[in-house]
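Accompanying notes for the structure given below.
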There are 2 protein chains.
Amino acid sequence: MPDELRDRGLRLTPQRELVLAAVRELGHANPEEIAEMVRLKHPGINLSTVYRNLETLENVGLVIHSHLGHGGATYHAADDINHLHLVCGKCGSVGEAPIETAAQFVNTIADDYSFKTDVTHFAIHGTCARCLETL
Amino acid sequence: MPDELRDRGLRLTPQRELVLAAVRELGHANPEEIAEMVRLKHPGINLSTVYRNLETLENVGLVIHSHLGHGGATYHAADDINHLHLVCGKCGSVGEAPIETAAQFVNTIADDYSFKTDVTHFAIHGTCARCLETL
DNA sequence: TAGGTAGATGCGACAACTTTGCAAGTGGCT
DNA sequence: AGCCACTTGCAAAGTTGTCGCATCTACCTA
C-alpha cells in the first residue's frame, strides 16, 4: 500500500517505506533495531533518517511509540496497539495482555478523575511469574 | 533521624543527608532538581554525587524511582509511594490517585498472568481533564 | 583523642542516545 | 525534461547518565 504514505502528504522514499515495514514486522522495536532491519535491504540508511522517519510516521498516525523500560522508546504500528505490556523488572521480559484487562481500571479513572488514560503508552511494570518463583 | 542512614550501613555525609532531605521535600523530582535543592545548603555538590547517592539510597530502600515521562527517572521517598501518577501527555501535568484505584486491575493481572505488578513504577499516561476540554 | 582505613566526593573523561545544521540528492508535479 | 520542496547523509553538538581516579573524610579502634 504505497498510497497510505502519499495520502498523508508524505513522499514515498525507499527509506521511509522500509522503516514503516520494519516497524510492522518487528512488533515492537527501538530505533536501532529498526535501522538494522532496514539495512538488510538498504544498507546505507543513516540512523538519523530512521529517527526522523519514525517521528514523521508518528505525526501522521501510522506509528506509535511507547515506553517499555528505563531507556528509550519502542515503536509499534499504530494498528497493532491492542495489547498492554507487562515488563518484568527482574529479567526484562516483555509479556502482553489484552487491552480489555485494563478496561475497568481505565473507566474508574475516567469517572473519578476525568482522566482519559492510554494504557499502552507506558508498560505495566512488575515481576513475572518465572522470577517470582525463583525468589 | 541521622541513624536511619547509619543503621543501613551508610556513612552519614552532609551530601547524603541533604540528598535524602531534598527527595523528601520535593515529593517527586529528578536528579537535576534534587541537586539544585541540595546546592542551596551545600553549593559545591557534584551531580555525580547526587546520582550515586540516589542509587545508594535506593539500594537500602529509603528512596524509590519511577518513570513519569519520556525522559529520566524521578525520585520519591520510599514511604511516600502510596499513589499512582496520572501524567498528561498534552500539558505534562502530573496528577495523583490513590493506589487502591488500581487494586482490582492488579489482582486481575496477578490471577490471569501470575504477574505481580508495581503500579507506581511507571506513570499512567493519558490526557487530563483540562486538556480534554480544550480539544 | 589521634590515626588508619574503607567508603564517599569532586572532577573530568567517557558513553549511549537523540537532535540539528547544512549541503547534496530525489520524489512528484507541470 | 525541469523545478522545487521535501528527504537524506554526514558530521557536529546536545543530553543524560556513568566511570576512573586522586583526594578527602566519617567512623572505628586503640
Side-chain angles (χ1 to χ4, degrees), chain A residues 1-23 28-39 41-60 62-75 92, chain B residues 1-23 28-39 41-60 62-75 92:
Chain A
M1 297 300 279
D3 286 343
E4 67 187 329
L5 289 173
R6 273 199 278 256
D7 288 351
R8 287 161 219 254
L10 299 183
R11 286 200 187 162
L12 193 155
T13 68
Q15 292 91 333
R16 187 163 286 163
E17 278 189 294
L18 288 168
V19 167
L20 180 52
V23 169
H28 39 76
N30 60 39
E32 187 61 57
E33 292 165 337
I34 291 163
E36 250 170 63
M37 159 142 271
V38 171
R39 278 198 264 265
K41 292 191 176 172
H42 188 102
I45 196 173
N46 195 277
L47 238 197
S48 61
T49 299
V50 174
Y51 277 102
R52 281 188 285 224
N53 273 323
L54 288 171
E55 187 186 339
T56 303
L57 293 170
E58 185 157 28
N59 284 339
V60 299
L62 286 172
V63 151
I64 282 178
H65 80 270
S66 55
H67 296 273
L68 301 191
H70 292 194
T74 70
Y75 288 83
Chain B
M1 296 302 277
D3 285 343
E4 66 185 331
L5 288 174
R6 273 199 279 254
D7 288 351
R8 289 162 218 252
L10 300 182
R11 287 200 187 163
L12 194 155
T13 67
Q15 292 93 332
R16 187 163 285 163
E17 278 190 294
L18 288 168
V19 167
L20 180 52
V23 170
H28 39 75
N30 60 39
E32 186 60 57
E33 291 165 338
I34 291 164
E36 251 169 62
M37 158 142 271
V38 171
R39 277 198 263 266
K41 291 190 175 171
H42 189 101
I45 197 174
N46 195 278
L47 237 198
S48 61
T49 300
V50 174
Y51 277 102
R52 282 188 284 225
N53 272 323
L54 288 171
E55 188 186 340
T56 304
L57 292 170
E58 184 155 30
N59 284 338
V60 299
L62 286 172
V63 150
I64 283 178
H65 81 269
S66 54
H67 295 273
L68 301 191
H70 293 194
T74 70
Y75 287 83

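FYI, side chains are in, hydrogens and waters are out, and symmetry mates aren't considered; it's all heavy atoms of this structure. Numbers restart at 1 for each chain; the letters A, B, ... are given by sequence-line order, proteins then strands. Since the model is a prediction, treat every value here as computed from it, not as a measurement.
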Over how many whole Å does the gap from [X] atom [atom1] to [N] atom [atom2] extend?
X	N	atom1	atom2	answer
B:His42	C:dA8	NE2	P	15 Å
A:Ile45	D:dT7	CD1	P	14 Å
A:Leu57	D:dT7	CG	C1'	13 Å
B:Glu17	C:dT9	CD	C1'	15 Å
B:Asn46	D:dT23	CG	P	17 Å
A:Arg8	C:dG28	CZ	P	16 Å

Hey, could you give me the CG/OH distance between A:Asn30 and A:Tyr75, rounded to the nearest 0.5 Å?
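Between A:Asn30 CG and A:Tyr75 OH, I get 9.5 Å after rounding to 0.5 Å.
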Quick one: CG on A:Leu57 to NE2 on A:His65, what's the gap to the nearest 0.5 Å?
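Those atoms lie 14.0 Å apart.
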Heavy-atom pair with the smallest gap, counting every atom of [X] and [Y]:
X	Y	answer
B:Val60	B:Arg8	O-NH1, 3.3 Å
B:Gly72	B:His67	O-ND1, 4.0 Å
B:Pro31	B:Ala73	CD-O, 3.7 Å

So does B:Arg11 get a backbone contact from the side chain of B:Arg16, meaning a donor-acceptor N/O pair under 3.5 Å?
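Between the backbone of B:Arg11 and the side chain of B:Arg16 there is a qualifying donor-acceptor contact (under 3.5 Å).
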Applying the side-chain contact (heavy atoms from CB on, under 4.5 Å) test to B:Thr56, which of B:Leu62, B:Leu20, B:Val63, B:Leu10 qualifies?
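By the side-chain contact (heavy atoms from CB on, under 4.5 Å) criterion, B:Thr56 pairs with just one of B:Leu62, B:Leu20, B:Val63, B:Leu10: B:Leu10.
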Passing candidate, side-chain contact (heavy atoms from CB on, under 4.5 Å) with A:Val23, options A:Thr74, A:Leu54, A:Asn53
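Considering A:Thr74, A:Leu54, A:Asn53, a side-chain contact (heavy atoms from CB on, under 4.5 Å) with A:Val23 is found only for A:Leu54.
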Once each nucleotide of nucleotides 25-30 of chain D is scored for protein heavy atoms under 4.0 Å, what B/S/- sequence comes out, 5' to 3'?
BBS---
Check side chain to side chain contact (heavy atoms under 4.5 Å, CB included) between A:Ile45 and all other residues, then give those that pass, not counting sequence neighbours.
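Result, side chain to side chain contact (heavy atoms under 4.5 Å, CB included) vs A:Ile45: A:Gln15, A:Val19, A:Val38, A:Arg39, A:His42, A:Thr49, A:Val50.
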Provide a list of protein-nucleic acid N or O atom pairs under 3.5 angstrom, restricted to nucleotides 15-19 of chain D.
{"residue": "D:dG17", "atom": "OP2", "partner": "B:Tyr51", "partner atom": "OH", "Å": "2.3"}
{"residue": "D:dG17", "atom": "O5'", "partner": "B:Tyr51", "partner atom": "OH", "Å": "3.1"}

Is any side-chain nitrogen or oxygen of A:Gln15 closer than 4.0 Å to OP1 or OP2 of D:dG9?
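Yes, A:Gln15 has a side-chain N/O under 4.0 Å of OP1/OP2 on D:dG9.
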Is the shortest side-chain N/O distance from B:Asn53 to OP1 or OP2 of C:dT9 below 4.0 Å?
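Looking at the OP1 and OP2 atoms of C:dT9, one of them is under 4.0 Å from a side-chain N or O of B:Asn53.
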